Engineer: 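Below: one structure in structure tokens.
Remember, predicted model here, so these are calculated numbers, not experimental data. For ligands, and for the atoms within them, numbers begin at 1 and follow the listed sequence.
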Amino acid sequence: MSDATPPAGGFEFAQRPVTDQSFENALAKARAGERLSVADGVELITTGTDTAGIDSRRKELVLEAADRRRAEVVGEEVTFVANLNNNVTTACNTGCLFCNFKDRSEQFRSDYQAEHGGFTKTPSESRDIVSDALDRGIYEVCSVSGLHPALALDEEHIEILEASGRGDLNYRAAGEYDTDPGTYCEQIRAMNVGGVHVHSMTPEEAYHARRGTDWSYEEVFGRLKEAGLDSVPGTAAEILVDEVREVICPGKIGSAEWLEAMEAAAAVGLGTTATIMYGHVENARHRVEHLRKVRDLQDRTDAITEFVPLSFVHEETPLYDRGMVAGGASPAEDELMIAVSRLFLDNVEHIQSSWVKYGDSGGLKMLTCGADDFMGTILSEEITKRAGGGYGEFRSVAEYADMITAIGRTPVERSTDYERRRVVDPDADVLGPTLGPRADGTPLL
Ligand SMILES: C[S@@+](CC[C@H](N)C(=O)[O-])C[C@H]1O[C@@H](n2cnc3c(N)ncnc32)[C@H](O)[C@@H]1O
Ligand SMILES: Nc1c(NC[C@H](O)[C@H](O)[C@H](O)CO)[nH]c(=O)[nH]c1=O
Ligand SMILES: N[C@@H](Cc1ccc(O)cc1)C(=O)O
Ligand code: SF4
């Protein structure tokens with residue numbers, strides 16, 4: 001990247017939101033439940049490429065079609081999971097320009113003197129944190145982390161990295177750091193306590209867990225599954241179009257490798273989710289190309305339980321600091337992202353409304369635009385908070401019950417894979433989770 005700051009929105013991309021479809025035809029196909037083309041999706045998400053900006057009357061028609069589709073596919077239940085976020089480390093040198101979660105890994109070395117705000121947890125610390133949350137009733141631990149140079153898949157991987165002598169593998173021995181994160185398999189084993197569901201290892205982390213080896217992604221996910229991994233978060237997806245990745249995360253794996261990793265996770269029998277992180281430098285065509293790649297992946301795997309649109313939080317990020325974006329998505333763009341995800345992804349049952357990104361009232365609005373899942377209790381949140389997000393770090397079962405009944409829908413506690421469900425009685429005297437291995441209905445908070 002040169003020093004010259006490109007104007008916000010002024011990127012010269014090869015892919016442009018132009019189509020030979022009309023908004024009316026695309027809407028008719030969506031209403032009829034026909035599979036949408038990329039051109040259809042672009043027409044719907046832009047409310048027509050024939051006019052500039054978002055047309056509010058057309059927008060309402062798209063949202064209505066998506067809400068109706070949601071009702072046909074999943075009915076009136078709104079689900080949430082009792083879960084805990086446990087991020088293991090913020091050390092990461094990948095340098096994604098939308099991310100303020102990371103801290104430069106040099107700062108974590110024992111020979112580094114100055115203070116820094118990052119953290120690394122040992123496997124035993126992770127185990128204690130998960131075990132405490134399990135006592136409080138969680139069903140799932142969701143764990144995503146920076147790519148700490150000392151993290152390797154397992155002992156065999158450490159031996160390979162130590163022996164390689166290559167300087168380009170983003171590896172340093174754990175002994176050089178203040179805190180030893182252990183290996184990925186040790187962290188998973190540690191978090192796999194008392195029957196909790198372990199949701200961890202994004203494609204980017206899986207890439208880190210095989211660097212410098214000739215292991216396939218199947219091999220890596222197979223060993224992680226053996227260690228207790230239950231399902232894989234489909235983050236690191238960002239926008240699955242390489243001309244966008246080159247701008248916002250040039251150090252990350254490409255789109256094809258992300259898809260390869262996800263397919264491998266599915267091949268060894270792990271469930272997955274998929275995400276899109278939108279509202280930065282990309283255009284409408286990129287958003288819809290992303291949806292097409294996710295839909296094709298789901299046709300091949302049938303492993304994606306939910307799709308999670310993550311609206312870019314801009315305040316404290318390099319993209320914003322450097323003037324590469326003027327802000328994030330508008331509420332109208334958020335609504336259309338959710339609605340077109342519901343209409344385009346005809347093979348993914350659940351669309352998540354993330355309260356971390358949209359807040360409570362924004363999140364409830366998304367539940368009327370095609371979304372049917374309202375995320376989880378999480379208990380701790382670092383990624384959005386560090387990027388400048390202000391919607392807090394947890395929601396209780398009682399808050400979920402209040403919010404969901406306020407919009408006339410039915411609150412349902414779910415398992416990660418949506419197989420187990422419990423309708424929550426909003427009038428009960430005490431409201432707590434019941435699906436977790438140690439849950440007994442006592443409030444989480
Ligand atoms: C912070 S990373 C942690 C896991 C791992 N390092 C990786 O990249 O997969 C997880 C995800 O957080 C999301 N994220 C990071 N910064 C964000 C921001 N400012 N706004 C919205 N989402 C963000 C991105 O989608 C990213 O893939
Ligand atoms: N489990 C989910 C989360 N967890 C919070 C994330 O870890 C993260 O801090 C944030 O989303 C960064 O992009 N967030 C979701 O949006 N959806 C989940 O299901
Ligand atoms: N892992 C994502 C959020 C997320 C987690 C799990 C999911 O299944 C979906 C989204 C993050 O940290 O940003
Ligand atoms: S998004 Fe993930 S890989 Fe990228 S800098 Fe942040 S923590 Fe590192």
Engineer: Just distances here: any N/O of Ser145 and N/O of ligand 1 closer than 3.5 Å?
Structural biologist: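 Between Ser145 and ligand 1 (N or O atoms, distance only) the closest approach is under 3.5 Å.
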Engineer: Nearest heavy atom to atom 10 (C) of ligand 2: which of Glu393, Lys357, Arg386 does it belong to?
Structural biologist: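 The option holding the nearest heavy atom is Lys357.
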Engineer: Which bit of Pro203 is near ligand 1, meaning a heavy atom under 4.0 Å away: side chain, backbone, both or neither?
Structural biologist: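 No part of Pro203 is near ligand 1 at this cut-off.
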Engineer: Is it the side chain, the backbone, both or neither of Lys357 that has a heavy atom closer than 4.0 Å to ligand 1?
Structural biologist: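 It is the side chain that touches ligand 1; the backbone stays farther off.
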Engineer: Please confirm if an N, O or S atom belonging to Cys92, backbone or side chain, lies less than 2.8 Å from atom 8 (Fe) of ligand 4.
Structural biologist: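 Under 2.8 Å: Cys92 contacts atom 8 (Fe) of ligand 4 through an N, O or S atom.
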Engineer: As a quick check of understanding, evaluate side chain to side chain donor-acceptor pair (under 3.5 Å) for Arg422 and Thr434, giving each step before the final call.
Structural biologist: CA-CA 8 Å; Arg422 189 244 335 177; Thr434 61; 2.9 Å; yes
Engineer: Do me a favour and list the nearest non-hydrogen protein atom to atom 2 (Fe) of ligand 4 with residue, atom name and distance?
Structural biologist: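 The protein heavy atom lying closest is Lys252 NZ, 4.0 Å.
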Engineer: Pick out which of Arg287, Arg285, His286, Lys293 makes a side-chain hydrogen bond (donor to acceptor under 3.5 Å, both in side chains) with Glu289.
Structural biologist: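 Between Glu289 and the candidates, side-chain hydrogen bond (donor to acceptor under 3.5 Å, both in side chains) is satisfied uniquely by Arg285.
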Engineer: Looking only at distances, can you tell me whether any N or O atom of Glu382, backbone or side chain, sits closer than 3.5 Å to an N or O atom of ligand 2?
Structural biologist: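 No: no nitrogen or oxygen of Glu382 is under 3.5 Å from one in ligand 2.
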Engineer: For ligand 1, indicate whether the residue Lys102 contacts it via side chain, backbone, both or neither (heavy-atom separation under 4.0 Å).
Structural biologist: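 For Lys102, there is no contact with ligand 1 at all, from either part.
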Engineer: Residue-level breakdown please: for Thr94 versus ligand 1, do any non-hydrogen atoms fall below 4.0 Å on the side chain, on the backbone, on both, or on neither?
Structural biologist: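 The answer is neither.
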Engineer: Closest by any non-hydrogen atom to atom 16 (O) of ligand 2: pick that one out of Ser380, Cys99, Ser354, Ser353.
Structural biologist: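 Result: the heavy atom closest to atom 16 (O) of ligand 2 is in Ser354.
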Engineer: Mark up the atoms of ligand 2 that fall under 4.0 Å of a heavy atom belonging to Asn83, in ascending order.
Structural biologist: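 Numbered from 1, ligand 2 contributes 1 (N).
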